[in-house]
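Only this structure's heavy atoms are used, side chains among them; waters, hydrogens and symmetry mates stay out. Letters go in sequence order (proteins before strands), and every chain restarts at 1. Everything numeric here is computed off the predicted structure, so don't read it as measured data.
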Amino acid sequence: MKGFQNLIEKDLESALTDLGVSGDLWRKLLSHSRERSQGDLTLPCFPLGKQLSRSPIDMADDLVTILASKHDVSATNGYLNFKADGEWLAQRAIDGKKKAGSKKILIEHTSANPNGPFHVGRARNAILGDTMVRLYRLNGDEVKAEYYVDDMGKQVAILAWALANLSSEEVDEVLADKDEINPKWEEKADHARVRWYQAAQALREQRPEIDQEIAKMVHDSEDGDDSVLVAFENAYQPVLDGMLETLSRMGIGFDTFTRESVFVIDGSVAKVMARLESLEIHGTADNGAHFLDLGARGLKGKTEFFFRRGDGSSLYATRDIAYHMWKWQQGFDLLNVLGEDHRLQSKQVGMALEELGEKAPEVIFYAFIKLPEGKMSTRKGNVVFMDDLLDEAKEHAAAVVRELRPELDIDSVEEIAEAVGVSAVRFNIIRVSPEKGFTFTWDEALSFEGNSAPFIMYSHTRACSIARKVGRGSNDCTIPSPINQSTKELLRTIELGADVLDRTLKESKPHLYANHLLELASTFNAFYRDNPVVVEGVVDEFNFAICERTRVLLHDGMVGIGIEPLTSM
RNA sequence: GGGCGCGUAGCACAGCUGGAUAAUGCGUCGGCCUCCUAAGCCGAAGAUCGCGGGUUCAAAUCCUGCCGCGCCCGCCA
């Protein structure tokens with residue numbers, strides 16, 4: 001509604017001046033109407049009435065008198081309501097102007113330890129991150145999707161230790177009371193090797209000497225020991241490949257992979273530590289470990305942020321600082337997607353960066369997805385694997401397609417089912433705000449009606465079906481007057497699209513855009529009901545133009561949030 | 001114990017830069033396929049916005065206390 005706002009602002013300002021209102025307060029007050037039936041933009045007059053010691057109800061009435069000749073305005077209970085003209089909205093929709101983005105943004109997401117397959121909880125990160133990548137691209141911005149590979153931590157060390165020291169029989173023995181590997185995934189390294197990881201985790205509890213061996217490996221890796229790093233890579237790379245295969249099935253990919261060890265080897269971590277040690281808020285512990293007193297900068301709770309161990313080696317967070325400085329050098333804005341368990345860590349890294357004269361990155365935090373039985377844990381094996389969820393979703397979708405479209409051949413059913421399954425899974429995760437924790441249930445995840453991806457997909461295929469029936473693109477048309485209610489609602493939703501995308505990106509809240517697409521699909525369905533495009537072989541050019549515009553917007557929006565824009569389902 | 005996040009119909013979830021009658025879906029009840037795909041559409045019932053104070057003309061939204069849930073509080077990652 002930015003365009004509409006521009007349209008009325010001048011007249012509104014002059015009307016307000018006539019009444020004696022000064023200042024810019026009204027600009028802040030003017031916003032989307034909460035009551036849709038009342039209008040499109042609303043100015044609550046209460047604060048202005050206060051300023052002039054006048055009744056806001058009278059003021060709103062006076063404003064209507066002044067503005068009525070130029071705009072569709074009304075006043076109720078002290079609210080001044082502007083209604084956008086249907087024909088104006090229609091013209092805007094048909095013109096379909098798209099602004100070009102100009103931002104450059106590097107989005108780091110997923111960056112999961114390469115020690116096992118994705119479960120639904122870990123996948124929330126990838127789905128959130130990839131959706132932001134897609135939405136920035138939809139906005140026309142230049143985006144880099146980056147995966148930070150943790151190639152030297154304890155998790156990888158445990159995996160490497162297990163692969164070097166445990167036989168397949170030993171692993172089976174240790175995990176005897178656990179579920180066996182699903183034969184379907186036996187050949188997938190993330191599923192196969194995570195058992196070694198789990199077995200090692202179990203053994204560590206009984207045999208402390210294992211911890212010492214692992215600790216040595218971790219330290220050697222932190223010193224940049226090549227042979228250890230190579231062993232690590234051989235251990236995790238097949239696992240990572242398996243994980244990326246799963247992501248790729250969901251349409252998630254990366255432009256760059258950056259390994260943590262790079263910053264140790266090239267000396268930038270050492271430089272960062274030296275700089276941190278020269279800071280005013282720097283402190284030293286008894287055994288020579290170094291920290292920053294972030295309490296001096298207002299951090300509450302735990303105020304000491306350790307960045308260097310007593311033995312001089314770096315910590316994960318220290319390397320993260322070096323990594324972020326490298327990221328800033330590329331001239332991109334920075335956005336990270338992190339689990340809520342990283343809130344403190346991320347705050348510390350951000351504050352440390354600011355101490356070094358850099359900016360803190362923008363971060364999206366998300367809460368964990370729980371199972372009805374409790375939280376998910378790769379270590380404990382209490383998880384729903386993404387691979388299983390995707391298969392299940394596809395199977396469920398195939399059953400629906402076979403029932404609804406019995407005439408389709410097997411290949412078509414397969415294609416539709418895969419698209420519906422993947423889209424539904426992504427959408428169910430993206431549609432809720434990230435900070436809200438939710439409990440995974442198969443029922444929810446496999447719901448294909450109402451607020452779901454298939455609902456949007458279905459609306460899109462209806463528009464496609466009409467386009468097929470017409471068999472050509474839309475022509476110039478005359479805009480009818482008046483425009484009926486359901487058309488106006490659709491046009492209004494279309495007009496709002498740009499505002500929603502803006503806000504979605506500015507606030508890093510992809511669920512806002514997901515909800516907008518639901519709204520777009522829903523208002524299109526009502527339009528579809530009331531406004532036939534083809535009647536007895538004759539095309540209504542206006543309705544077709546609106547239909548085509550919506551089809552494109554749905555298509556682009558779906559791509560923007562990772563829903564497959566099928567043309568038929 | 002301290003820090004941070006969350007708490008909205010039976011369930012799930014939106015709204016939270018203060019503004020009108022708290023939106024949507026599932027579930028429940030009722031209606032719509034000789035008509036561009038019914039994974040759809042139309043209608044009905046269903047909400048002490050966790051609880052108590054406060055600020056304000058106006059509070060689901062801001063402040064504060066309490067309760068419940070989650071995450072973190074390691075010289076781990």
- Ignoring hydrogens and geometry, is there a side-chain-to-backbone donor-acceptor pair from A:Asp499 to A:Met1 under 3.5 Å?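 Judged by distance alone, yes, a pair lies under 3.5 Å.
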Expressed in angstrom and rounded to an integer, what is the separation of [X] atom [atom1] from [N] atom [atom2]?
| X | N | atom1 | atom2 | value |
| --- | --- | --- | --- | --- |
| A:Phe427 | B:rA12 | CZ | P | 18 Å |
| A:Tyr513 | B:rG15 | OH | C1' | 19 Å |
| A:Asn515 | B:rA23 | CG | C1' | 10 Å |
| A:Arg431 | B:rA14 | CZ | C1' | 10 Å |

- Task: Output yes when at least one side-chain N/O atom of A:Lys436 is less than 4.0 Å from OP1 or OP2 of B:rC6, else no.
- Result: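 For A:Lys436, the contact criterion (side-chain N or O under 4.0 Å from OP1 or OP2 of B:rC6) is not met.
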- Message: Check this for me: does the side-chain of A:Thr441 come within 3.5 Å of the base of B:rA12 through a donor and an acceptor?
- Response: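 No such pair is found, so the answer is no.
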- Task: Look at A:Lys302 together with A:Glu304 and state whether they make a salt bridge at an N to O cut-off of under 4.0 Å.
- Result: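 No salt bridge links A:Lys302 with A:Glu304.
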- Task: Taking the six-membered ring for Trp and the single ring otherwise, decide whether the centroids of A:Phe307 and A:Phe291 are under 6.0 Å apart.
- Result: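 Distance test on ring centres: not under 6.0 Å, no.
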With a 3.5 Å cut-off and sequence neighbours excluded, list the donor-acceptor pairs that the side chains of residues 429-443 of chain A form with protein atoms.
residue  : atom : partner  : partner atom : Å
A:Arg431 : NH1  : A:Asn428 : OD1          : 3.1
A:Thr441 : OG1  : A:Glu444 : N            : 3.3

Give every donor-acceptor pair under 3.5 Å between a side-chain atom in residues 505-514 of chain A and any protein atom, sequence neighbours left out.
residue  : atom : partner  : partner atom : Å
A:Glu507 : OE1  : A:Lys509 : NZ           : 3.4
A:Glu507 : OE2  : A:Arg503 : NE           : 3.0

Mind listing the N/O atom pairs, protein and nucleotides 64-70 of chain B, below 3.5 Å?
residue : atom : partner  : partner atom : Å
B:rG70  : O2'  : A:Glu340 : OE2          : 3.3

- Query: Contact class for A:His290 vs. all strands (heavy atom < 4.0 Å): base, sugar-phosphate, or nothing?
  - Reply: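 Here A:His290 touches no strand at all.
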- Task: List for me each residue that meets side chain to side chain contact (heavy atoms under 4.5 Å, CB included) alongside A:Ser346, sequence neighbours excluded, and say none if there are none.
- Result: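 A:Ser346: side chain to side chain contact (heavy atoms under 4.5 Å, CB included) contacts with A:Leu338, A:Val363, A:Phe365.
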- Message: Take a 6.0 Å sphere around CD of A:Glu415 and say whether it holds more than 12 heavy atoms from other residues, nucleotides or ligands.
- Response: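 Check fails, neighbour count at 12 or below.
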Close N/O contacts between protein and nucleotides 74-77 of chain B (under 3.5 Å):
residue : atom : partner  : partner atom : Å
B:rC75  : OP2  : A:Lys302 : NZ           : 3.3
B:rC75  : O2   : A:Gly310 : N            : 2.7
B:rC75  : N3   : A:Asn287 : OD1          : 2.6
B:rC75  : N3   : A:Asn287 : ND2          : 2.4
B:rC75  : N4   : A:Asn287 : OD1          : 2.1
B:rC75  : N4   : A:Asn287 : ND2          : 3.0
B:rC76  : OP2  : A:Arg309 : NE           : 2.4
B:rC76  : OP2  : A:Arg309 : NH2          : 2.8
B:rA77  : OP1  : A:Glu222 : OE2          : 3.0
B:rA77  : OP1  : A:Arg309 : NH2          : 3.2
B:rA77  : OP1  : A:Arg319 : NH2          : 3.1
B:rA77  : OP2  : A:Tyr316 : N            : 2.9
B:rA77  : O3'  : A:Asp150 : OD1          : 3.1
B:rA77  : O3'  : A:Asp150 : OD2          : 2.7
B:rA77  : O2'  : A:Asp150 : OD2          : 2.9
B:rA77  : N6   : A:Gln345 : NE2          : 2.6

- Contact letters for nucleotides 24-29 of chain B, in which S counts primed atoms plus P, OP1 and OP2 and B counts the base, heavy atoms under 4.0 Å: BSS---
